[in-house]
Asker: 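Please see the structure below; I have some questions.
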Amino acid sequence: MGSTRVTVCLPAHRRNEVEAAIADALAPFEAMQGHPDERDIWDSWTIRGGSDGWGFWIRPGAEDDPWLLHDAPRYDGEPLPSRQGRCAGGPVGLLNLTGARDHAVGLADDMCDLWEQLSARYAPPRPLETFGEVSVLTLFDDIAAQRRGYEVQPIIKQFLTVHPWDQLDTVLGYRDDLSRLFASGRDEILATAALLAGQRSDLLTLDGWWVQRDGRATHGSCDTHESCTHRADMPTHPGDLVPILAALPDDVIVVGVQCHT
């Protein structure tokens, strides 16, 4: 079992009952309800995105708008306040849809700058794989030992103090040797950050399509992908949700949902 993120689009007339609207939109894809495999997706869900940075940036000036959506409390009732300038969703017109991408690209650019600065001050680091062998029998311990050796090198230590592994993973999907990462060049690194920021979730459209990041689309009213009568209108995941969301009317609601799968 795991989890998946989906950006759910909801009609404007349901803005006073967002949770009920989400439940209705997700219902055709609920697991263990006798649906075919294509629609056997989730067994629980929650509004999520403002507190963990995954959701939307708010359009400047709209930070206090009451129609913005924020994360539901944690399972134990602990509140999950949104990060500054962020939210879990709301009417499209209140959101800065390019905010997440712009932020990710900015962080990636900062990473490139820092690596260049540190490379001028410190000797090149030894490759990660030179810090001990990795055995199948002691895999996790060996990997941890490798990383400990790798991370104490001055250039690596200084870099990770500013941009830790979790941030590298979020922005660039990377947790490997940093020399190889930056050898790919600034343009490729920034392009990767932009791509990942735009394709961080599946999409559930107003007309009932669940579009997965791998490109597969399933309509909520059809039994199988092969027998779907809507296939002529099947959308594809664009790799960047921003153009699709930006084309929606300003009063359409978009919200980040985390599904347990």
Side-chain angles (χ1 to χ4, degrees), residues 1-6 48-49 51-55 57 74 80 83-84 86 98-202 212-216 237-242 256 258-261:
M1 303 297 283
S3 67
T4 191
R5 302 274 191 161
V6 57
R48 190 69 79 241
S51 66
D52 57 12
W54 175 83
W57 287 74
R74 204 169 63 181
L80 295 173
R83 298 182 185 182
Q84 186 174 4
R86 315 283 188 92
T98 65
R101 183 177 63 198
D102 295 343
H103 180 66
V105 171
L107 281 174
D109 203 34
D110 290 345
M111 292 175 186
C112 292
D113 287 343
L114 179 59
W115 186 258
E116 288 181 1
Q117 294 164 14
L118 294 175
S119 296
R121 292 168 50 193
Y122 296 104
R126 288 170 51 195
L128 178 61
E129 62 269 15
T130 65
F131 289 89
E133 299 293 328
V134 175
S135 167
V136 174
L137 297 178
T138 54
L139 179 65
F140 296 108
D141 289 341
D142 291 348
I143 291 175
Q146 262 194 349
R147 286 191 175 274
R148 285 194 297 269
Y150 180 74
E151 290 168 4
V152 298
Q153 298 180 97
I155 186 172
I156 303 300
K157 183 177 181 180
Q158 291 297 319
F159 184 88
L160 294 177
T161 298
V162 180
H163 298 294
W165 288 120
D166 285 350
Q167 189 180 81
L168 278 158
D169 192 22
T170 299
V171 175
L172 296 172
Y174 196 86
R175 283 182 175 270
D176 207 335
D177 192 287
L178 296 184
S179 295
R180 284 196 290 269
L181 170 66
F182 291 105
S184 63
R186 186 182 297 261
D187 289 347
E188 182 173 333
I189 289 170
L190 299 191
T192 297
L195 178 65
L196 292 182
Q199 60 176 201
R200 290 184 302 167
S201 83
D202 293 354
Q212 299 178 56
R213 278 171 284 181
D214 64 5
R216 189 174 182 86
H237 199 293
D240 183 354
L241 295 184
V242 170
Q258 183 173 20
C259 295
H260 185 259
T261 56

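Reckoned from all heavy atoms, side chains included, excluding hydrogens, waters and symmetry mates.
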Asker: Output the distance between atom CG (Leu107) and atom SG (Cys112), rounded to the nearest 0.5 Å.
Answerer: 11.0 Å

Asker: Any idea which heavy atoms bring Ser179 and Pro125 closest together, and the distance?
Answerer: OG-CG, 3.3 Å

Asker: Does the pair Arg48 and Trp54 meet the rule for a side-chain contact (heavy atoms from CB on, under 4.5 Å), with working shown?
Answerer: CA-CA 8 Å; Arg48 190 69 79 241; Trp54 175 83; 5.7 Å; no

Asker: Within this structure, what is the CD-CG distance for the pair Glu129 and Asp176, rounded to the nearest 0.5 Å?
Answerer: 8.0 Å

Asker: Hey, what do you get for CG (Leu172) to CG (Leu196), rounding to the nearest 0.5 Å?
Answerer: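 Here the interatomic distance stands at 7.0 Å.
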
Asker: Quick check for you: to the nearest 0.5 Å, what is the distance between Glu151 atom CD and Gln146 atom CD?
Answerer: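 Here the interatomic distance stands at 11.0 Å.
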
Asker: Please step through side-chain contact (heavy atoms from CB on, under 4.5 Å) for the pair Arg213 and Thr4, ending with a clear verdict.
Answerer: CA-CA 10 Å; Arg213 278 171 284 181; Thr4 191; 3.8 Å; yes

Asker: Should Met111 and Leu181 count as side-chain neighbours, where that means a heavy-atom distance under 4.5 Å?
Answerer: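 Result no, sub-4.5 Å side-chain heavy-atom pair not found.
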
Asker: Strictly distance-based, threshold 3.5 Å: is any side-chain N or O of Gln258 a donor or acceptor partner for the main-chain N or O of Ser3?
Answerer: no

Asker: Salt bridge between Arg175 and Asp166, side-chain N to carboxylate O under 4.0 Å?
Answerer: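 Salt bridge between Arg175 and Asp166, a charged N being under 4.0 Å from a carboxylate O: yes.
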
Asker: Return the minimal non-hydrogen interatomic distance between Gly99 and Trp57, and the atom names on each side.
Answerer: C-CD1, 3.3 Å

Asker: CD1 of Ile189 to CH2 of Trp115: how many Å apart, nearest 0.5 Å?
Answerer: 10.0 Å

Asker: Would Phe159 and Phe182 count as a side-chain contact (heavy atoms from CB on, under 4.5 Å) here? Give the steps.
Answerer: CA-CA 12 Å; Phe159 184 88; Phe182 291 105; 3.6 Å; yes

Asker: One pair to check against side-chain contact (heavy atoms from CB on, under 4.5 Å): Leu178 and Ile155. What are the steps and the verdict?
Answerer: CA-CA 10 Å; Leu178 296 184; Ile155 186 172; over 6 Å; no

Asker: If every non-hydrogen atom of Ala193 is compared with every non-hydrogen atom of Ala104, which pair is closest and at what distance?
Answerer: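 In terms of heavy atoms, the two residues are closest at CB-O, 3.8 Å.
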
Asker: State whether the side chain of Arg83 and the backbone N or O of Asp52 hold a donor-acceptor pair below 3.5 Å, judged by distance alone.
Answerer: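 Yes, the answer is positive, given that a donor and an acceptor are paired below the 3.5 Å cut-off.
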
Asker: Mind listing the closest non-hydrogen atom pair of Arg126 and Thr130 along with its distance?
Answerer: NH2-O, 3.0 Å

Asker: Of all heavy-atom pairs between Thr98 and Val242, which one has the smallest distance, and what is that distance?
Answerer: CG2-CG1, 3.9 Å

Asker: Check this for me: does any side-chain nitrogen of one of Asp113 and Arg186 sit under 4.0 Å from a carboxylate oxygen of the other?
Answerer: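 Salt bridge: yes.
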
Asker: Measuring from Glu133:CD to Thr138:OG1, what's the distance to the nearest 0.5 Å?
Answerer: 10.5 Å

